[in-house]
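Remarks on the structure that follows.
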Amino acid sequence: MSHQRTASQSKQRPLATSPTRGINQLFAKKPATPQQTLQQALAPTAKLDLTPFTGELFDVEQYVNNMMQELPTEEVQPLASALADARDVTAQNLQKNVFRNYTEFVTIGKEITRLESDMLVFRGLLHDLTEINDAFRDAAGIDEQEHVTPQSADEIGDMKRRQKEEQLQEQRKQQLKILYQNLDGLQKLLPEAPGRYIVRDGSSSKYFEVNPSTYKDKDSAFIYVLTDTLVVAFWKKNMITGKNRLVADRVWPIAEIGFIDMKDSPDVSNAFQIIKNTETIIYRADTLEEKRSLLSVIQTITDEILAKKKKEKEKQKEKKEIKKEKQEVKEKKKKALKDNLSPGDYIWLIELPDELDVLIAHRDFEQTVTNVEKARYILAAAQGETPRVQVIRAALNERINHLAKLISLDLASPIATKDQVQGDIDKLLRLGLGDQARDIFLSARSKTIRNRMRHLVFDGDLVGYISEFAELTFRLIRNTCDWYGGSFHDTPMASGFMKWLQQEIKYFTETLRKQVFTSKQEFPVIAECLLTTLDHIQELRDVGLDLTFLMDTIIYQDIVNAIDVYSLECEQKIVEHGQKDPLASLPPDAQVFETKGMSFEVSVPKLGKSAYDFHTVLTTFGADVGILLSLQLYNKVVGSLLKFFKSYFDCMSNHLKQDKTHGQYCTALVNAIFVTEHMLPKTKMQLLDRFEREIPEMDEQQHTFHREIDVLRGVYYDNTLKCMFKVYEFAKTDYSSSASVLDNQSSSDGALQLGFMLDQILSEIDPILDQKLTLSKILDKYMEYMATDQCWETPKGQRKFGFGGVQTFVLDMHFLLRICDNYITESTNQLANELCAKAIKVYFLQNKDLGAPLKTGEWYDKRVDETVKKHKPKLINLLKRVN
């Protein structure tokens with residue numbers, strides 16, 4: 001059938017004679033050279049030597065200089081006219097040559113195509129011949145590999161080694177023959193087979209079969225190991241001759257039995273089991289070495305058998321695959337000899353490459369793509385990859401590649417409009433080059449972003465520069481997303497866009513990191529730059545893209561590092577303000593807090609300057625960092641704020657431990673309490689609203705501060721007592737005077753100064769400390785101090801009280817109780833009475849011979865009233881009525 005088809009094709013058109021004759025005719029007439037044609041065309045106009053123009057090293061400037069030096073001035077104009085005419089004539093001549101050569105090129109191309117078609121016919125004949133030859137070989141059952149003769153020295157092997165192998169095989173055959181002669185019944189139980197030989201001779205080793213129930217030896221046995229078989233022999237006596245002969249008792253294929261090594265026991269040692277199906281036989285060796293040697297040989301043979309089976313399976317599988325591949329190749333060869341191209345389609349496809357070249361030259365890409373689609377449709381319906389189809393397909397692919405390059409150049413143009421871009425992408429998609437279209441388009445958009453960025457001018461305003469950069473980047477990304485969605489409709493293409501988008505965001509963040517973070521800008525500038533970036537990135541939400549999370553992920557560590565630096569600066573400011581605070585109580589100013597978004601339900605106390613400075617740093621930090629607040633930054637922001645509170649609290653605590661005035665102690669304690677009780681909870685509520693979650697770290701910190709404030713109150717009381725000791729220290733006050741008491745006697749100067757100080761202390765205590773409770777606690781502490789032994793004992797013995805001294809002491813106590821009446825607790829009053837009684841008792845014990853009476857209570861009350869009335873202006877705070 002193939003010969004008939006080939007012959008019919010040969011009759012349809014002549015083979016190689018007509019094309020050759022046509023080519024000879026085309027080149028029979030030699031055309032004139034371009035220089036001769038140009039000289040003929042210019043002969044009527046001017047005499048101009050064109051020889052220098054045809055040189056490969058022609059230099060325009062040198063030619064003009066030479067001509068100008070040789071020609072007089074009046075001949076310059078005629079020369080210019082002659083050169084202009086030569087240019088016009090050359091252009092016309094070149095155009096004619098192009099048209100004539102193109103026509104000849106098309107004609108020659110068609111003749112060459114016909115020659116290729118004839119060559120394809122010969123190729124088909126060769127395929128038919130090969131097919132017939134293969135069919136004969138398959139019918140005869142001849143395998144090509146069987147006739148392949150090894151040619152290399154490695155395949156043949158060494159001659160000496162092969163001789164040794166032959167000698168070894170011969171020796172093995174002799175050993176096996178002797179075994180068959182010595183063992184009766186072996187020939188019947190185990191017929192001879194090629195390749196079998198003795199692996200382990202059992203004639204020199206004696207084994208014993210063991211009774212499995214009693215573990216006693218039954219008979220001595222000899223075990224021979226062959227390549228695939230285990231032979232067990234016993235000595236038996238011949239009933240006729242009376243002689244003992246070795247008799248083969250059991251023959252087992254090694255692949256069908258199992259060996260189990262038995263542990264030594266008091267009943268049996270060096271034993272092992274042989275298992276075949278349900279039968280189990282126990283044998284024992286004389287020594288442990290013999291047992292191990294036998295089991296080792298059996299293990300080796302078993303491994304070789306398993307490896308051989310595996311290799312045979314792989315070989316069979318490989319043969320099946322080779323056979324399958326051969327079958328597929330044969331089917332492809334059969335298909336390659338036929339196609340369904342009609343004569344009209346074939347002629348159109350033959351002429352298509354020339355037509356595509358013309359269309360590409362005229363940049364009619366739309367029609368070119370349409371023709372390519374039509375050609376692909378025809379070739380897909382051909383149902384056979386014949387040689388002529390392969391040639392046509394190769395020529396078509398060549399034009400497609402050229403066309404794709406030109407379209408790709410248009411697609412990559414930075415000035416292409418949206419319609420042009422989408423049109424070019426559509427053409428590439430129709431050509432089956434979707435991935436290439438995607439990559440070129442996205443690469444061009446990246447270059448556009450880079451080029452536009454280079455035109456941005458930095459004039460020192462970093463925030464403005466970053467704003468312009470962000471606006472440019474995200475606007476172009478938005479446009480790219482819009483264009484991409486309108487051009488690529490397949491879902492798999494979306495992954496490529498997302499990869500590009502991630503790459504552009506990474507480039508943007510790298511630039512942002514270099515300009516903002518690496519340049520060590522102040523944090524307010526960093527925050528402002530990030531804020532304007534986030535504002536511009538919101539534009540992408542209009543096209544369904546929310547890249548805020550991606551930005552946060554990429555620059556998260558940079559933000560954390562910036563917050564760390566800024567937090568350290570704020571912490572240093574807080575410590576500096578706290579340490580330099582003079583602790584002078586300032587008038588309450590709630591407006592300072594309210595203007596910065598922090599109002600309180602209670603009245604603002606009299607705070608020190610550092611408290612207002614702390615609030616300023618705190619709110620400034622919150623305003624700057626608040627722009628960047630996200631759940632990822634929760635730990636960092638909360639941790640920074642806790643450090644701020646801890647630093648300021650420690651500063652106030654340190655002030656209370658230093659030598660200060662009572663007013664300074666009071667201001668430090670008020671600052672610490674106000675920050676703990678009001679500023680910390682207010683900050684926690686603001687964070688709660690921002691993060692929409694509880695802030696347990698703040699609660700824990702507040703509980704810690706509460707415990708420390710209780711300690712600080714005790715420190716404050718102790719420091720206040722030290723201040724009181726400076727004006728009236730009971731232990732050092734002398735009450736040993738024995739002089740009589742005047743009727744107008746007043747309290748001692750120390751008691752008066754103590755009263756004045758108590759009045760000042762009361763005025764300095766802020767209401768946030770609870771004035772009544774605080775002063776009462778101070779008086780309690782002071783009375784407890786007066787009751788200690790150190791106030792009543794001296795290095796020389798018990799403290800001395802004289803007649804006038806003891807009455808002065810009682811008068812002092814009455815005076816203190818009167819002016820502090822509003823703040824004296826019952827326990828303090830009782831303790832004061834006990835101190836007076838103790839002083840009087842000591843006096844009487846020390847002065848038993850004196851008979852002068854002491855003053856009565858009325859005298860003390862009268863003297864206290866007159867003293868209070870006299871010094872009322874200095875005791876006005878103590879004497880105020882307490883609600």
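Quantities reported herein were computed from a predicted structural model and do not represent experimental measurements.
T368 and D364 get closest at one heavy-atom pair: OG1-O, 2.7 Å. Across all non-hydrogen atoms, the minimal contact from F365 to D410 is CE1-OD2, 3.5 Å. A404 and S408 make their closest contact through O-OG, 2.6 Å (heavy atoms, listed as atom of the first residue, atom of the second, distance). Nearest heavy-atom pair across A395 and P353 is CB-CG, 3.9 Å. Taking all atoms of both residues into account, the shortest heavy-atom contact from L411 to D424 is N-OD2, 3.6 Å.
Within the 3.5 Å criterion, the main-chain N or O of W483 finds a donor-acceptor partner in the side chain of S487. Remark: the backbone N or O of L431 is paired with a side-chain donor or acceptor of R376 at under 3.5 angstrom. T511 places a side-chain N or O within 3.5 Å of a backbone atom of Y507 that can act as its donor or acceptor partner. Between the N93 side chain and the V89 main chain, no donor and acceptor come within less than 3.5 Å of each other. The backbone N or O of L442 lies less than 3.5 Å from a partner atom in the side chain of S446, making a donor-acceptor pair. Using modelled atom types, one side-chain atom of Q420 and one backbone atom of T417 make a donor-acceptor pair closer than 3.5 Å.
One finds no salt bridge joining K427 and E373 here, because no Lys/Arg side-chain nitrogen approaches an Asp/Glu carboxylate oxygen to under 4.0 Å. Note on E504 versus K499: no salt bridge recorded, every NZ/NE/NH1/NH2 to OD/OE distance being 4.0 Å or above. Salt bridge absent: E321 and K324 never bring a charged side-chain N and a carboxylate O closer than 4.0 Å.
Other residues, nucleotides and ligands contribute at most 12 non-hydrogen atoms within 6.0 Å of the CD atom of Q62. For E355, the CD atom is densely surrounded, since the number of other residues' heavy atoms within 6.0 Å is greater than 12. For K418, the NZ atom sits in a packed shell: over 12 heavy atoms of surrounding residues, nucleotides or ligands are nearer than 6.0 Å.
Annotation: side chain of E528 is not in contact with side chain of P524 (no heavy-atom distance under 4.5 Å). Side-chain contact between I466 and V516 is present, with at least one heavy-atom pair separated by less than 4.5 Å. Using a 4.5 Å cut-off on side-chain heavy atoms (C-beta onward), R430 and E366 make contact. Looking only at side-chain heavy atoms (C-beta outward), I425 and Y484 stay at 4.5 Å or farther from each other. For the pair Q515/F458, no side-chain contact is recorded, criterion being any heavy-atom separation below 4.5 Å from C-beta on.
D345 and S342 form a side-chain donor-acceptor contact under 3.5 Å, judged by distance and modelled atom types alone. For the residue pair Q422 / D426, no side-chain donor-acceptor distance below 3.5 Å is found, with atom types taken as modelled.
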In sequence, state the C-alpha distance, the side-chain angles, and the governing distance for N561 and F517, and then conclude on side chain to side chain contact (heavy atoms under 4.5 Å, CB included).
-> CA-CA 9 Å; N561 294 338; F517 294 102; over 6 Å; no
Decide side chain to side chain contact (heavy atoms under 4.5 Å, CB included) for Y465 and V457; before the verdict, give the C-alpha distance in whole Å, the side-chain angles of both, and the deciding distance to 0.1 Å.
-> CA-CA 7 Å; Y465 176 78; V457 179; over 6 Å; no
Show the numbers, then the answer: is there a side chain to side chain contact (heavy atoms under 4.5 Å, CB included) between Y566 and I526?
-> CA-CA 10 Å; Y566 187 45; I526 296 176; over 6 Å; no
Does the pair I505 and F474 meet the rule for a side chain to side chain contact (heavy atoms under 4.5 Å, CB included), with working shown?
-> CA-CA 9 Å; I505 293 298; F474 296 119; 3.6 Å; yes
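Annotation: F469 is in aromatic contact with F508 [ring centroid separation under 6.0 Å].
I440 contributes atom CD1, which lies 15.0 Å from atom CZ of R445 (distance to the nearest 0.5 angstrom). Distance check, rounded to the nearest 0.5 Å: CG of L403 to CD of E398 gives 12.5 Å. Between the CG atom in L531 and the NE2 atom in H536 there is a gap of 9.5 Å [rounded to 0.5 Å]. Between the CG atom of L349 and the CG atom of L396 there is a distance of 8.0 Å, given to the nearest 0.5 Å. Distance check, rounded to the nearest 0.5 Å: CG of D535 to CG of L530 gives 11.0 Å. To the nearest 0.5 angstrom, K405 atom NZ is 9.5 Å from L409 atom CG.
Each of H362, H402, R399 was evaluated against D357; a single residue qualifies, R399, per the side-chain contact (heavy atoms from CB on, under 4.5 Å) test.
Figure legend: R438 and F488 shown without cation-pi pairing, the cationic atom not lying both under 6.0 angstrom from the six-membered ring centre and within 45 degrees of its axis.
Pairs of residues two or more places apart, or lying in two chains, that qualify as side chain to side chain donor-acceptor pair (under 3.5 Å) and include a residue from residues 451-463 are N451-R454.
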